[in-house]
Amino acid sequence: MPRSAGRHFLQIPGPTNVPDRVLRAIDYPTIDHRGPEFAALGKGVLAGMKRVFKTTDGEVVIYPASGTGAWEAALANTLSPGDAVLMCETGHFAALWRKLAARLGLEPEFLPGDWRHGADPEAIEKRLRADAERRVKAVCVVHNETSTGVASRIAELRRAIDAAGHPALFMVDTISSLASIDYRHDEWGVDVTVAGSQKGLMLPPGLSFNCVSPKALAASKSAKLARSYFAWDEMIANGRNGFFPYTPATNLLYGLREALAMLEEEGLENVFARHARHAEAARRAVRAWGLEVLALDPREYSASLTAVLMPAGHDADRARKIILEAFDLSLGTGLGKLAGKVFRIGHLGDFNDLMLAGTLCGVEMGLALAGVAVKKEGVRAALEYLAECRGSRQRAAA
Ligand SMILES: *Cc1c(COP(=O)(O)O)cnc(C)c1O
């Protein structure tokens, strides 16, 4: 491919654009991971991640692994062969987690979904009420389903489990929501939260996380699935002193320390508001183009990405290819049964109004190049909304 001048627009919903501050932080000599300087780094990032998960009772474990490793860790540490787990078919990532559960020797049951809604609190409550023998040991939900742009309502799901009076562990994948969308591990009674480095946390891929409640930790004492690399006991014991049982991804931890500082400087609530604003602007653009957002329930719109339905007769991947070649802008592909039918705009991580404007310009021009008859009103609708938000914030500050 010929060289493209200027910055690439990496607007897939993860990995996200890594800010220069994080890149510079990673570019620093690797230190002794058994030495005193490392202990301070380890303790600092574990404490910072607790604040991001919003936990005081929970333990945080950091793996040198992609998010999939943390999925496996959540299940392998708490469950035994043949255990039933209730999972919710929200989309492609939920389906992958289910496949992983089956390969570990668990018995996942999938509550069916249409890939346009989040996990259904009523369906979960009904299923758990019917489980008189308490065979279901865990309920697993993807908070922000990255294949569809639908965010499940975790607090309501917790209330549904409680309403059924069921003791199952509650596990939530926040790989594409943590540090982008409001999330509260303790308050929402989550037992294991799964997260990854390369989305809202603004890092390159390669780190993933478990946040573990006291109840999950207790379950891990009697759980029989085999685990070694992912075992919590040694990770947590070493973590008390800021260390790891094996060589950690030291340079990514430098990056994590910097990313946590950036999140704290901006303030998590401001980070969430920024993501919500960009998501609303993106949806206004989509509608003004005359296209449809995949998510159907406004309570479940994702703040970190927008999945856009391609009009009949057009292949989303062909349009994505044209946009990449013309504007050096990467958009997310349709995954699983959505292949060719949707494209996804990632608006999460280190991202601002003008980056969104540039992204939407690329989509608007690119769709026209691809021969999709869109109204050239999307960018304008988004810009008007962003300007309105700025105006009301200025007035509030005055
Ligand atoms: C990206 C993503 C994953 C997969 O994580 P990897 O880092 O690719 O292993 C899982 N779940 C969700 C919701 C994701 O967005």
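Atom set for the values below is all heavy atoms of this structure, side chains included, hydrogens, waters and symmetry mates excluded. Remember, it's 1-based here, ligands and their atoms both numbered in the order they're listed. Counting begins at 1 with the first residue of the sequence. These figures come from a predicted structure and were not determined experimentally.
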* **Nearest neighbour in protein (non-hydrogen) for atom 8 (O) of ligand 1** => Gln198 NE2, 4.1 Å
* Ionic contact status for Arg116 with Glu292, cut-off 4.0 Å -> yes
* Under 4.0 Å to a heavy atom of Asn144 - the qualifying atoms of ligand 1, by number -> 13 (C)
* Contact check, Glu145 vs ligand 1, heavy-atom distance below 4.0 Å -> no
* **Close N or O approach (Trp71, ligand 1; < 3.5 Å)** => no
* **Structural part of Thr68 in contact with ligand 1, heavy atom criterion under 4.0 angstrom** => both
* To do: Output the list of atoms in ligand 1 that are nearer than 4.0 Å to some heavy atom of Gly67, sorted by atom number.
  => 5 (O), 6 (P), 7 (O), 9 (O)
* Asked: Hey, are Arg135 and Glu107 close enough for a salt bridge, meaning a charged N less than 4.0 Å from a carboxylate O?
  -> yes
* Short list, please: which atoms of ligand 1 are under 4.0 Å from a heavy atom of Val142? -> 13 (C)
* To do: Check Val308, Leu305, Ile12 against Ile345 for a side chain to side chain contact (heavy atoms under 4.5 Å, CB included) and give me the one that passes.
  => Val308
* **N or O contact, Ile175 vs ligand 1, cut-off under 3.5 Å** => no
* Tyr246/Tyr229 aromatic ring centres below 6.0 Å -> yes
* Using 30° and 60° as the class limits, which term best fits the ring planes of His185 and Phe53: parallel, tilted or perpendicular? -> perpendicular
* Asked: Which ligand 1 atoms does Thr146 reach within 4.0 Å, using its non-hydrogen atoms?
  -> 12 (C), 13 (C), 14 (C), 15 (O)
* Does His143 have a heavy atom less than 4.0 Å from any atom of ligand 1? -> no
* When the aromatic ring centroids of Phe327 and Phe9 are compared, is their separation below 6.0 Å? -> no
* Structure fact -> atom 11 (N) of ligand 1 has as its nearest protein heavy atom Asp173 OD2, 2.7 Å
* Which is it for Ser304 and Ser180 under the side-chain hydrogen bond (donor to acceptor under 3.5 Å, both in side chains) test, yes or no, and what are the steps along the way? -> CA-CA 6 Å; Ser304 56; Ser180 305; 5.3 Å; no
* **For Ser66, atoms of ligand 1 separated by under 4.0 Å from a heavy atom** => 6 (P), 7 (O), 9 (O)
* Charged tip of Lys54 within 45° of Phe272 ring normal and under 6.0 Å -> no
* Asked: Are any of the N or O atoms of Lys199 closer than 3.5 Å to those of ligand 1?
  -> yes
* Roughly how far, to the nearest 0.5 Å, is the NE2 atom of His92 from the NZ atom of Lys337? -> 12.5 Å
* **Nearest non-hydrogen protein atom, atom 4 (C) of ligand 1** => Phe93 CE2, 3.9 Å
